[in-house]
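Notes follow once the structure below has been shown.
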Amino acid sequence: MRYSQFLIPTLREDPAEAEVMSHRLMLRAGMIRKLAAGIYSTLPLGERVIKKTAQIVREEMNRAGALEVTLPFVQPAELWHESGRWNVYGKELLRLKDRNERDFCLGPTHEEVITDLVKGVISSYKQLPVNLYQIHIKFRDEIRPRFGVMRAREFIMKDAYSFDVDEKGAEESYRKMYDAYCRIFERLGLKFRAVEADSGPIGGSFSHEFMVLADTGEDVIVACTDCDYAANMEKAEIQAPQAAPVKKDDFNELQRVETPQMKTIEEVTGFLNVDASSLIKTLVFASAHDPVVALVRGDHEINEIKLKNLLACDHLELADEELIERITHAPRGFAGPVGLKDVEIIADLGLQGRINFVTGGNEKDIHLINVNINRDFTVSRFADIRCAQEGDSCPRCGEKLTTTRGIEVGHIFKLGTKYSEAMQATYLDAGGSSKPMVMGCYGIGIGRTAAAAIEQSHDEHGIIFPEPIAPFSVIIVLVNPTDEKQKQIAEHLYNDLLAQDIEVLLDDRDERPGSKFNDADLVGIPLRVTVGKFAVKENMVDLKWRKTGEVKQVAVDSVTEAIAENLRKTNFT
RNA sequence: CGGGGCGUAGCGCAGUCUGGUAGCGCACCUGGUUUGGGACCAGGGAGUCGGAGGUUCAAAUCCUCUCGCCCCGACCA
């Protein structure tokens with residue numbers, strides 16, 4: 001491709017709208033442009049990156065025996081009523097009506113469509129297992145799209161769905177996908193980790209997330225320093241601390257203290273000169289049913305996902321001011337468990353074995369000290385409802401846990417028979433009896449993966465693409481296109497590389513060399529060849545590696561071979 | 001949806017407080033010089049100041065309403 005014939009509208013300055021690096025760089029490199037919040041156009045350069053990412057995913061899915069299909073983006077509401085999700089999915093599901101006022105939605109995921117498809121075409125155990133996938137558009141009307149294509153509303157996803165005769169088969173399908181995902185992210189050259197995850201509203205019994213490690217990631221990964229346990233913070237279990245039995249003799253007398261305007265943990269601990277671990281945070285939650293009060297230590301964070309799973313409810317959110325006052329009869333910041341009536345109180349395991357707590361007094365500007373469980377209030381149940389933190393004990397081996405941040409690029413689920421039962425996707429087994437297929441589903445965000453690669457690999461000059469998804473392998477910078485001799489050499493080299501099937505971009509623009517070098521750095525092409533006056537005078541060109549900055553002088557005659565050799569090497573490492 | 005911020009040329013911004021000719025840098029077009037890390041000279045095009053209403057002799061600027069976008073929280077690939 002000739003740069004002059006291509007379209008790479010690079011930006012010299014950072015667009016004001018972009019905060020995270022991958023978003024900025026994708027805009028600056030002319031890969032994407034925004035149309036509306038969370039809705040992006042992909043320009044030619046971005047398209048090449050997306051296509052390459054998708055192709056690697058496709059190859060590995062095919063290798064794992066999955067079959068590519070294309071499923072409709074616009075889906076009839078009836079399917080969603082069948083699965084029961086029409087009323088559950090919430091506002092994220094963009095609903096629309098056709099000219100006949102029939103309800104439709106834009107597909108945020110395709111379990112319904114695929115299950116409906118499969119139940120129509122598969123009826124015998126002889127046709128199973130089967131795994132169907134597509135690489136296609138999804139639309140989720142996200143509450144808050146952000147970070148460019150990292151969390152877009154419209155995005156490209158690879159979604160695969162497996163159907164098996166039984167649980168054992170489903171586990172095998174799951175394992176195949178797990179392995180395929182590992183291969184995919186390895187081939188993409190990403191530092192990643194597969195972690196245990198909460199299965200969320202898609203449902204199912206078991207799931208893993210594939211996280212690309214990056215400081216700007218939205219997810220927190222909890223990993224063991226010793227064994228291979230790793231989980232999403234949402235899910236990460238904590239080994240229950242051994243609670244020493246409390247001695248009632250050590251209970252001090254309950255007291256009220258005035259704590260004017262002190263609402264936060266820091267303010268209260270600072271004022272009373274106590275450790276945050278002896279404070280009880282009292283959190284009121286509104287759920288679909290009754291409000292719930294959750295208690296965690298001042299030095300711990302509540303894990304709403306764990307609480308939600310414990311309560312087995314669909315909706316759970318922190319109470320608003322009004323509900324807090326109704327439950328505690330005090331403004332926000334002074335809630336405590338003592339004296340609460342008619343509400344379930346769930347306490348984190350971390351409260352066990354401890355005495356003489358500080359809590360809110362359920363009265364403005366009042367806290368209580370020397371509060372003790374079972375003397376001053378009772379707990380409905382104890383459970384693990386807090387977030388793991390650095391230094392907690394691994395639930396598997398007991399060693400220390402650490403935390404890192406990650407970007408969720410893939411997610412695999414064992415669905416079981418949730419959809420096949422709801423939608424009657426059954427088959428006849430060898431004995432002639434009808435059974436529900438056992439399903440799994442497997443997603444990869446293609447654009448997000450490309451963005452994550454950029455997030456993980458860039459410097460102050462721009463993107464440093466991993467070779468497998470770089471839009472071009474090589475860029476030839478023709479320093480002075482008005483110099484006929486330079487031009488000849490560059491053109492010759494360009495044709496040689498094309499003949500070798502090497503993806504090459506020839507920067508033949510009549511621009512200053514500095515602009516060309518900066519653009520080459522910005523768009524992150526792995527290898528740069530500079531054809532300038534040395535090429536004419538001494539028959540030498542510079543090869544420069546984007547990643548390391550290493551420069552090598554190579555004779556014009558041998559540069560094609562040197563490049564081909566280098567690309568072969570990187571493809572195998 | 002709650003909290004914070006921003007809408008002025010393709011991009012980045014100034015001008016708004018204190019109403020009076022719509023500006024700067026980059027990009028773009030023409031000509032010339034230049035060509036190994038974002039050149040220079042000369043000339044040029046481009047904005048209903050997000051939109052609607054109001055106040056005023058006069059509104060980018062003041063008032064009211066509205067739309068859009070970004071950031072922080074509840075969602076997820």
Original post:
How would you label the contact of A:Thr449 with the nucleic acid (heavy atoms, under 4.0 Å): base, sugar-phosphate, or nothing?
Top reply: nothing
Original post:
With under 30° as parallel and over 60° as perpendicular, where do the rings of A:His23 and A:Tyr40 fit, or are they tilted in between?
Top reply: perpendicular
Original post:
A:Glu511 side chain: which of B:rC75, B:rC28, B:rC26 is closest?
Top reply: B:rC28
Subject >> No-H, no-angle donor-acceptor pair, A:Arg151 side chain to B:rC75 base, under 3.5 Å >> reply: yes
**OP:** Measure from NE2 on A:His208 to P on B:rA77 and round the result to the nearest Å.
**Re:** 15 Å
Please enumerate all protein N or O atoms sitting under 3.5 Å from an N or O of nucleotides 49-52 of chain B, with distances to 0.1 Å.
none

Subject >> Value in whole Å for how far the P atom of B:rC76 lies from CE of A:Met233 >> reply: 18 Å
Original post:
A:Lys537 has an atom NZ; how far is it from atom C1' of B:rG36, in whole Å?
Top reply: 11 Å
Original post:
Could you go step by step and tell me if A:Ser207 and A:His411 meet the side-chain hydrogen bond (donor to acceptor under 3.5 Å, both in side chains) rule?
Top reply: CA-CA 7 Å; A:Ser207 87; A:His411 201 161; 3.0 Å; yes
Original post:
How about A:Lys176: does its NZ atom have over 12 heavy atoms from other parts shown lying under 6.0 Å from it?
Top reply: no
Subject >> Residue A:Met157, side-chain atoms from C-beta onward, closest of B:rA77, B:rG38, B:rG36 >> reply: B:rA77
Original post:
What is the distance from CG of A:Asn518 to P of B:rC26, rounded to the nearest Å?
Top reply: 16 Å
Subject >> Nucleotide of B:rC69, B:rU35, B:rG73 approaching A:Arg144 most closely (side-chain heavy atoms) >> reply: B:rG73
Subject >> Which nucleotide in B:rG36, B:rG37, B:rU35 has an atom nearest any side-chain atom of A:Phe534 >> reply: B:rG36
Original post:
From A:Ile525 CD1 over to A:Ile464 CD1, what is the distance, rounded to the nearest 0.5 angstrom?
Top reply: 13.0 Å
**OP:** Measure distances between side-chain N and O atoms of A:Arg448 and base N and O atoms of B:rC76, and say whether any donor-acceptor pair falls under 3.5 Å.
**Re:** yes
Subject >> Cation over ring face, A:Arg48 and A:Phe472, 6.0 Å, 45° >> reply: yes
Subject >> A:Asp459/A:Arg546 under salt bridge (Lys or Arg N to Asp or Glu O under 4.0 Å): CA gap, chis, key distance, verdict >> reply: CA-CA 10 Å; A:Asp459 63 15; A:Arg546 176 66 182 87; 2.8 Å; yes
**OP:** Would you please confirm or rule out a distance under 4.0 Å between OP1 or OP2 of B:rC1 and any side-chain N or O of A:Lys91?
**Re:** no
**OP:** Assess whether one donor atom and one acceptor atom, taken from the side chain of A:Lys544 and the base of B:rG36, lie less than 3.5 Å apart.
**Re:** no
Original post:
For A:His411 and B:rC75, what is the distance between atoms NE2 and C1' respectively, to the nearest whole Å?
Top reply: 13 Å
Subject >> Matching residue for A:Ile114 among A:Asp159, A:Thr109, A:Leu132 - test: side-chain contact (heavy atoms from CB on, under 4.5 Å) >> reply: A:Leu132
**OP:** Return the value, rounded to whole Å, for the distance between atom CD of A:Glu142 and atom P of B:rC70.
**Re:** 13 Å
Original post:
Touch check for A:Gly445, heavy atoms < 4.0 angstrom, all strands: base, sugar-phosphate only, or nothing?
Top reply: base
Original post:
Where along nucleotides 6-12 of chain B does protein come under 4.0 Å, by heavy atom, of base (B) or sugar-phosphate alone (S), with - for untouched nucleotides?
Top reply: -----BS
Subject >> Aromatic ring of A:Phe155 stacked on base six-ring of B:rA77, 5.5 Å, 30° >> reply: yes
Subject >> Side-chain donor/acceptor of A:Asn480 to base of B:rG36, under 3.5 Å >> reply: no
**OP:** Find out whether the Lys NZ or Arg CZ of A:Arg95 is both under 6.0 angstrom from the six-membered ring centre of A:Trp80 and within 45° of the ring's axis.
**Re:** no
**OP:** Please state how far atom CG in A:Asp141 lies from atom C1' in B:rA77, giving the value in whole angstrom units.
**Re:** 16 Å
Original post:
For A:Ile305 and B:rC75, what is the distance between atoms CD1 and C1' respectively, to the nearest whole Å?
Top reply: 9 Å
Subject >> Who pairs with B:rU30 - Watson-Crick or G-U, where each distance is under 3.5 Å >> reply: B:rA42
Original post:
So among A:Phe413, A:Phe185, A:Phe210, which one has a ring-ring contact (aromatic ring centres under 6.0 Å, His included) with A:Tyr178?
Top reply: A:Phe210
